[in-house]
Amino acid sequence: MEKLSNPQVTIETIKKYNFAFQKKFGQNFLIDEHVLHKIIAAAGVTKEDVVLEIGPGFGTMTQYLAEAAKEVIAVEIDKTLIPILQETLADYDNVTLINEDILKVDIAALVEEKNGGRPIKVVANLPYYITTPIIMGLFESHVPLDNITVMVQKEVALRMQAEPGTKDYGALSLAVQFYAEPYIAANVPPNCFIPRPNVGSAVIRLNRWQNPPVEVKDEKFLFSLIRASFNQRRKTLQNSLVNGGIPVTKEQVVEALERLSLSPTIRGEALTLEQFAALSDILVEMR
Ligand code: SAM
């Protein structure tokens, strides 16, 4: 069977099933073979790998993953896609289809069952409306992961990869970089999808750190500190923290900054992950 990456095959499938794209599910299907090869290569998928695909759609990328990987687990929320997937993936005996909302799946249990708890790879053309909850959910629930290689909105990819002092740097950069090393593998224009999204896209690979770059006394506190620091970007760090509901006084923040040789008027966007971690530990001690 000719692959769905051939736009004509995708168009025929839409007609055959009278398929109506659902905006609420972020449905923009890939129709570019070159991009699909790039994603599989960027993820480094081999015949040893169990791959989790989030949102297979018509199964366009699943066809490539099934050929490259040992096993593919594909989780799709839209039940109208299941009979279509059963047809488009009929030639592959190494794909397990699950009709479920990925945010409700116990992925750690799935990895235990399918790969004996060994790290899997996550590869997806993500539904953009839930990019952050999906990625942070995978990291925070400590699912055994090798890497996550995903298509996301270009602007989000830039934020994930951003460095201190740049306009894209913020809470998302720090949250992602706490768990993984990001690398943008490709930029993808709207004409590679059907229907075309209104935004540019990018493929980003997030390599899970084997050893975390920082260790802190209280991870939850570190993340609330980071969120509060970027809630009001124009304010100084001490104002953002005190007004942002962090249980510390202005004097404590100033003293902590002084201990780190940082200016009392510094803004959150200037601090590295290491500096946020050090600040977090000092404030935890002072509480
Ligand atoms: N992988 C396909 C491709 O590249 O052509 C489709 C990608 S499309 C951007 C996103 C897919 O995710 C859609 O099939 C959509 O129905 C599915 N999806 C949306 N929300 C989901 C959720 N919460 N859980 C699982 N799948 C979801």
Side-chain angles (χ1 to χ4, degrees), residues 2-14 17 19-43 45 51-69 72-89 92 95-107 110 121-138 141 143 148-154 156-157 185-186 188-204:
E2 179 104 47
K3 283 209 170 74
L4 287 149
S5 52
N6 175 345
Q8 208 45 49
V9 177
T10 289
I11 289 166
E12 278 160 20
T13 308
I14 295 170
Y17 287 92
F19 181 74
F21 285 93
Q22 297 224 52
K23 229 179 170 171
K24 70 167 181 192
F25 288 145
Q27 291 178 338
N28 300 93
F29 297 171
L30 271 167
I31 44 161
D32 188 299
E33 192 182 357
H34 179 66
V35 172
L36 285 153
H37 281 299
K38 260 199 175 159
I39 298 173
I40 309 288
V45 176
V51 173
L52 169 66
E53 186 191 6
I54 298 159
F58 276 177
T60 316
M61 188 148 78
T62 328
Q63 294 180 332
Y64 285 81
L65 288 170
E67 282 170 15
V72 183
I73 310 160
V75 179
E76 173 57 61
I77 196 171
D78 183 353
K79 69 175 185 312
T80 68
L81 285 166
I82 302 303
I84 305 179
L85 284 162
Q86 277 159 351
E87 187 192 322
T88 60
L89 301 174
Y92 306 97
V95 180
T96 306
L97 264 182
I98 302 175
N99 180 204
E100 184 54 279
D101 176 347
I102 189 67
L103 298 178
K104 294 190 182 143
V105 175
D106 182 346
I107 303 171
L110 201 60
K121 290 183 172 144
V122 176
V123 187
N125 170 16
L126 285 180
Y128 294 172
Y129 74 106
I130 43 168
T131 300
T132 308
I134 290 176
I135 292 179
M136 294 319 294
L138 283 164
S141 57
V143 172
I148 302 179
T149 303
V150 281
M151 179 88 71
V152 297
Q153 211 174 311
K154 183 173 178 190
V156 175
V188 182
N191 62 6
C192 295
F193 303 84
I194 188 167
R196 292 179 186 199
N198 298 325
V199 291
S201 303
V203 177
I204 191 162

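Both ligands and their constituent atoms are indexed starting at 1 by order of listing. Numbering of residues begins at 1 and proceeds along the displayed sequence.
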State, yes or no, whether a side-chain contact exists between Asn125 and Thr60 at a heavy-atom distance under 4.5 Å. no
I need the single residue from Val143, Leu138, Thr149 that forms a side chain to side chain contact (heavy atoms under 4.5 Å, CB included) with Val122. Which is it? Leu138
Between Ile102 and ligand 1, does any nitrogen or oxygen pair lie at a separation below 3.5 Å? yes
Contacting atoms of ligand 1, where contact means under 4.0 angstrom from a heavy atom of Val75: 25 (C), 26 (N)
Identity and distance of the protein heavy atom lying nearest atom 4 (O) of ligand 1: Asn125 ND2, 2.9 Å
Ligand 1 contact on Glu100 by region, counting heavy-atom pairs under 4.0 Å: backbone
First locate atom CD1 of Ile40, then atom OH of Tyr64, and finally report the distance between them rounded to the nearest 0.5 Å. 8.5 Å
For atom 1 (N) of ligand 1, closest protein heavy-atom neighbour: Gly55 O, 2.8 Å
Ligand 1 and Met61, any nitrogen or oxygen pair closer than 3.5 angstrom? no
Output the list of atoms in ligand 1 that are nearer than 4.0 Å to some heavy atom of Gln27, sorted by atom number. 13 (C), 15 (C), 16 (O)
For atom 26 (N) of ligand 1, which protein heavy atom lies nearest, and how many Å away is it? Ile77 N, 3.3 Å
Which is it for Pro56 and ligand 1 at heavy atoms under 4.0 Å: side chain, backbone, both or neither? backbone
Indicate yes or no for a side-chain donor-acceptor contact from Gln63 to the backbone of Thr88 under 3.5 Å, with no hydrogens or angles considered. yes
For Asp101, the ligand 1 atoms with a heavy-atom partner under 4.0 Å come out as 22 (C), 23 (N), 24 (N)
Minimum-distance protein heavy atom relative to atom 16 (O) of ligand 1: Glu76 OE2, 2.6 Å
Counting only heavy atoms, which portion of Phe58 has something under 4.0 Å from ligand 1: side chain, backbone, both, or neither? neither
Does ligand 1 have an atom that lies less than 4.0 angstrom from a heavy atom of Tyr129? yes
Between CZ on residue Phe19 and CG on residue Asp78, distance to nearest 0.5 Å: 5.5 Å
Answer with side chain, backbone, both or neither: which part of Thr62 has a heavy atom less than 4.0 angstrom from an atom of ligand 1? neither
Between the main-chain N or O of Gly57 and the side-chain N or O of Glu76, is there a donor-acceptor pair closer than 3.5 Å? yes
Quick one: nearest non-hydrogen protein atom to atom 19 (C) of ligand 1, plus distance? Phe25 O, 3.1 Å
Phe58 and Phe21 aromatic ring geometry - parallel, tilted or perpendicular at 30°/60° bounds: tilted
Counting each atom of ligand 1 from 1 as listed, which ones have a heavy atom of Leu126 under 4.0 Å away? 9 (C)
CA sep, side-chain torsions, deciding dist, call: Ile194, Ile14, side chain to side chain contact (heavy atoms under 4.5 Å, CB included): CA-CA 10 Å; Ile194 188 167; Ile14 295 170; 4.1 Å; yes
Under 3.5 Å, is there a donor-acceptor pair between the Tyr92 and Thr62 side chains? no
Evaluation steps, side chain to side chain donor-acceptor pair (under 3.5 Å), between Tyr17 and Thr80: CA-CA 9 Å; Tyr17 287 92; Thr80 68; over 6 Å; no
Evaluate whether atom CG of Asn191 has more than 12 neighbouring non-hydrogen atoms of other residues, nucleotides or ligands under 6.0 angstrom away. yes
Nearest to atom 5 (O) of ligand 1, what protein heavy atom do you find, and at what distance? Leu30 N, 2.9 Å
Flag, side chain of Ser201 to backbone of Met151, donor-acceptor distance under 3.5 Å: no
For Gly26, atoms of ligand 1 separated by under 4.0 Å from a heavy atom: 8 (S), 9 (C), 10 (C)
Output the list of atoms in ligand 1 that are nearer than 4.0 Å to some heavy atom of Leu81, sorted by atom number. 14 (O)
Within the 4.0 Å heavy-atom shell around Glu53, which atoms of ligand 1 are there? 1 (N)
If the test is side chain to side chain contact (heavy atoms under 4.5 Å, CB included), which one of Asn6, Val9, Thr10 qualifies with Ile31? Thr10
With atoms numbered from 1 as shown, which atoms in ligand 1 lie under 4.0 angstrom from a non-hydrogen atom of Asn28? 7 (C), 8 (S), 9 (C)
